[in-house]
Amino acid sequence: MSIAIRNISKQFGAFKALDDVSMDIPSGELVALLGPSGCGKTTLLRIIAGLEYADQGQILLAGDDTSALHARDRQVGFVFQHYALFRHMSVFDNVAFGLRVKPRRDRPAEAEIRRRVKRLLELVQLDWLADRYPSQLSGGQRQRIALARALAVEPKVLLLDEPFGALDAKVRKELRRWLRQLHDEIHVTSVFVTHDQEEALEVSDRVVLINQGRVAQIGTPEAVYDHPATPFVADFLGSVNLFHGRVEDGQLRLGEHALGAADGSDGSALAFVRSHEFELLPGWAGRGGLPATIVRVVSVGPSAQIELSRTDGELVEVAIARDTFRLLGLGEGDKVSLRPRQIRVFPTEAQAA
Amino acid sequence: MASLKRFSPLPGFGLAMGYTLLYLTLIVLIPLTAVGAKTLSLGWEAFWSAVSSPRVVASYQLSFGASLLAAGINVVFGLIFAWVLVRYRFPGKSLVDALVDLPFALPTAVAGIALATICAENGPVGELLKTFAIEVAYTPYGVLLALVFIGLPFVVRTVQPVLADLEREVEEAAAGLGAARWQTFLKVILPHITPALLTGFAMAFARAVGEYGSVIFIAGNVPMVSEITPLLIITKLEQYDYAGATAVASVMLVISFLLLLIINALQGWMQQRYTAEA
Amino acid sequence: MSGTITLKPGSLVRHETLSTREPAWVKGVLIGIALTFFAVFLLLPLATVFTEALRKGWGAYAAALLHPDARSAIMLTALVAVIAVPLNLVFGVAAAWAIAKFEFAGKRLLITLIDLPFSVSPVISGLIYVLMFGAQGWFGPWLQAHDIKIIFALPGIVLATIFVTFPFVARELIPLMEAQGSEEEEAAVVLGASGWQVFWHTTLPSIRWGLLYGVILCNARAMGEFGAVSVVSGHIRGMTNTLPLHVEILYNEYNYAAAFAVASLLALLAIVTLGLKTLVERQTRRQQQKKNELSGE
């Protein structure tokens, strides 16, 4: 079932949580709402679920306005950040809850409920835990039970609020891969909220970046990563370096130094360069690029993380393959020139005017 | 002791523990054993005739029956109070919240004479009830009324924090899964607060069984009709029937201790239920 | 999906359908029940005490309080509280320190034993001391031979009061100190503080509100105890009559105005106690918030 969000605004006191947010989520997609904490993404999710009401705007599910629909009538599955499992019920009873509270005429027979719960527990690979209580489960298991519980009522839409937020790094990684596989199996339209860009980029079909209550960009992970639409998106995705410079004749210049080719009209600009999009050349003189001095090298893992100091004292972070760095024979204190392979430029407002 | 205690870098365990045990033994344990010793010295026949006389049995029936009923009433109203205080905003809420503890703080004799005056034939509640042909003052109903009064805070104060701790998310999850509000209450909220309700019930019951001051003024203390057990003990003492008083008291003590064990078990259950992360 | 009903934004219906609220009428009924119960069971008795006390005017009120018997009852009640409360305070702190800061076998049993006086009928709390120190009690003959009076005298009243107020301070402090853990104390020890310094500088400041709360409750009960004191006092006017006992005597003599006048003092004590308690709770909450903010950052 598709979700259409039309001009949603929501205010909490003086705080504008959502400001005229619109988007379309096609049926069957897995979409990530990504943004820093407090940006309004969870509020939007709760409004879709009917747990919160918008001051303005509409949510259309499969083209129908839901404004008058109670949360329980929206056929929406919601997975809470802290799972919100019913502590006094066994895992089985938790998952069966949504089926058992149905009005008698819609309620499946007990045998049917058992069959469906069992199937769901198998789907989340936890059928062996049916008789346990939530307090006896690990965080990852609780999350999967919460998901099974939400799926039991066969929701047309699945909403997940920071589904992996409370888990430790390793479990998190496993679980998000598992969620992606699960989605490929059941294909229910899903929206999940996260502040973790890696999570959003890895799991979702499309990413919606939200900043200060507004949509900053919507697109596939590749699109938003490679072509950020705003300085916020460029800054938020990946590890980036920010430069305040000028574009002149298709070149980004920082003071007297030319950094490289940049699109955009002439004038002052914000430029972003990801840390792995630099080339490192030994020495300063006559090589072009930005002169800098290596301050610190952390050479662990596949790439070497290098911290450099520009001549004006600003820091730049660079990551290059460890082997490449070793071949350069550079160390802390050495002078190098930085040459960006790719620069994203946004004209600053003063210039645009 | 050293092997029974886990190592701690903090000082003062020996002193604090020693003093605690000494004081506890002198003030509580030794005097309580006096009841046991005195009862044992009676011999079985004397004990049995003391506790099985019709008047004593009638007082047990009244004390335990009225206490059970009062604790039950307290569960209903205590839950309403706790619910209203945790969930709603209304004028006078902070006053209500503060005064719920009045039965704890008001000396029982004061509560007793006030309740007796209100429920007397010419008192405001007494007159109202008279139109329904219910007489409260100097009847078992009076006993019940006083016991409801003193038991209320026990239920409110055990349920209130537990209800406040229940995450909204859990109720939202239930609603999102299609539960109507009453289903959410019956299937999610009520099971959550059941241990607290039971604990509050047991505490209100235990307090009511032993209550003396707030009851005697309103009860009229008619033997066989509205005479509670604690009063009977005092009556026997005033007649220098120490043996009879002790025998009656020992039965109450045993029941109180059983109640204490039950309350402790309930609290253990509560702790398990509410502290286990879910 | 039945989405045929469309509603204009801001329509009232939407707020009623919020998933975790009851319908307005349910809410109204519940608040109504609570307020009615509150008015009849709590406000009315309290108001009755004061209206009955002043029924015969301020002159009679003052006379009742200034009567020598009333004055000696006030003095006795204060004296009993002054002895009993500090003793239970010291005990409460010692017990809480041992229980909350250390792990040892039998802890649950000890807590249960400390709670014991709560579940004993006040009348029995008096009786046990009669059985020990009364004329026919264990130490009765010995006490008589040495001309020491405990029952029907001040020591008996104090003992019975200590018994009924025994758990108050400890009960307040144990959960509080358990929740606070021992980290701060351990830090103080590592920094070289002595035992008393640890207590004075780290523990006491963080438990002071809880301690005050316990003392307030303990004091209220000590001054208001009726059943237990009634058994051991002997009701000797001007001698072993505490305030609650004095209320009883006046009431039984059908001297209602005087009885309620004396009772109004105790009711005031209750009101002050509740007021202080509310204040202390507010303070604790504030302190907790501050602490959370501190650890949250």
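Chain letters run A, B, ... following the sequence lines, proteins first, then strands; residues in each count from 1. Below, each value reflects all heavy atoms present in this structure, side chains not excepted, and no hydrogens, waters or symmetry copies.
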Neighbourhood of chain C inside residues 105-114 of chain B, taking heavy atoms under 4.5 Å as contact: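 The list, in residue order, reads B:Ala105, B:Leu106, B:Pro107, B:Thr108, B:Ala109, B:Val110, B:Ile113, B:Ala114.
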Largest heavy-atom contact set with chain C, pairs under 4.5 Å, which of [options]:
| options | value |
| --- | --- |
| B:Ser250, B:Ser256, B:Gly210 | B:Gly210 |
| B:Asn264, B:Ile80, B:Ile27 | B:Ile27 |
| B:Val209, B:Ile30, B:Leu259, B:Val100 | B:Ile30 |
| B:Leu145, B:Leu115, B:Leu261, B:Ile263 | B:Leu145 |
| B:Asp97, B:Leu15, B:Leu152, B:Leu22 | B:Leu152 |
| B:Leu231, B:Leu99, B:Val35 | B:Leu99 |

Toward chain C, the part of [X] with a non-hydrogen atom under 4.5 Å:
| X | value |
| --- | --- |
| B:Trp83 | side chain |
| B:Thr33 | both |
| B:Phe185 | neither |
| B:Thr246 | both |

Kindly compute the distance separating [atom1] ([X]) from [atom2] ([Y]), expressed to the nearest 0.5 Å.
| X | Y | atom1 | atom2 | value |
| --- | --- | --- | --- | --- |
| B:Leu21 | C:Leu110 | CG | CG | 6.0 Å |
| B:Arg87 | C:Lys27 | CZ | NZ | 12.0 Å |
| B:Leu253 | C:Ile124 | CG | CD1 | 4.0 Å |
| C:Leu44 | B:Ile118 | CG | CD1 | 4.0 Å |
| C:Glu248 | B:Phe217 | CD | CZ | 4.5 Å |
| C:Trp97 | B:Met17 | CH2 | CE | 14.5 Å |

Any idea which heavy atoms bring [X] and [Y] closest together, and the distance?
| X | Y | value |
| --- | --- | --- |
| C:Glu186 | B:Leu10 | N-CD2, 3.8 Å |
| B:Ala116 | C:Tyr251 | CB-OH, 3.5 Å |
| B:Pro31 | C:Met132 | CA-SD, 3.3 Å |
| B:Ala37 | C:Trp138 | CB-CZ2, 3.5 Å |
| B:Val28 | C:Pro117 | CG2-CG, 3.9 Å |

Under the side chain to side chain contact (heavy atoms under 4.5 Å, CB included) criterion, do B:Phe81 and C:Leu30 qualify, and how do the steps go? CA-CA 8 Å; B:Phe81 263 89; C:Leu30 290 178; over 6 Å; no
Please assess C:Ser230 against B:Tyr212 for the test side chain to side chain contact (heavy atoms under 4.5 Å, CB included), listing each intermediate value before the final yes or no. CA-CA 10 Å; C:Ser230 173; B:Tyr212 173 69; 4.2 Å; yes
Of the backbone (N, CA, C, O) and the side chain (C-beta and beyond), which part of [X] lies under 4.5 Å from a heavy atom of chain B, both, or neither?
| X | value |
| --- | --- |
| C:Ile271 | neither |
| C:Phe38 | both |
| C:Glu185 | both |
| C:Thr48 | side chain |

Who among [options] has the most heavy-atom pairs with chain B under 4.5 Å?
| options | result |
| --- | --- |
| C:Leu116, C:Ile114, C:Thr278, C:Ile33 | C:Leu116 |
| C:Thr273, C:Val231, C:Val189, C:Leu274 | C:Leu274 |
| C:Val40, C:Leu46, C:Val198 | C:Leu46 |
| C:Leu127, C:Leu159, C:Leu243 | C:Leu127 |

May I ask you to check whether B:Phe149 and C:Phe41 place their ring centers less than 6.0 Å from one another? no
Return all side-chain donor-acceptor pairs below 3.5 angstrom for residues 87-96 of chain C, not counting sequence neighbours, or 'none' if the list is empty.
unit_1  : atom_1 : unit_2   : atom_2 : d
C:Asn88 : OD1    : B:Tyr23  : OH     : 2.8
C:Asn88 : ND2    : C:Ile162 : O      : 3.4
C:Asn88 : ND2    : C:Thr165 : O      : 3.3
C:Asn88 : ND2    : C:Thr165 : OG1    : 2.7

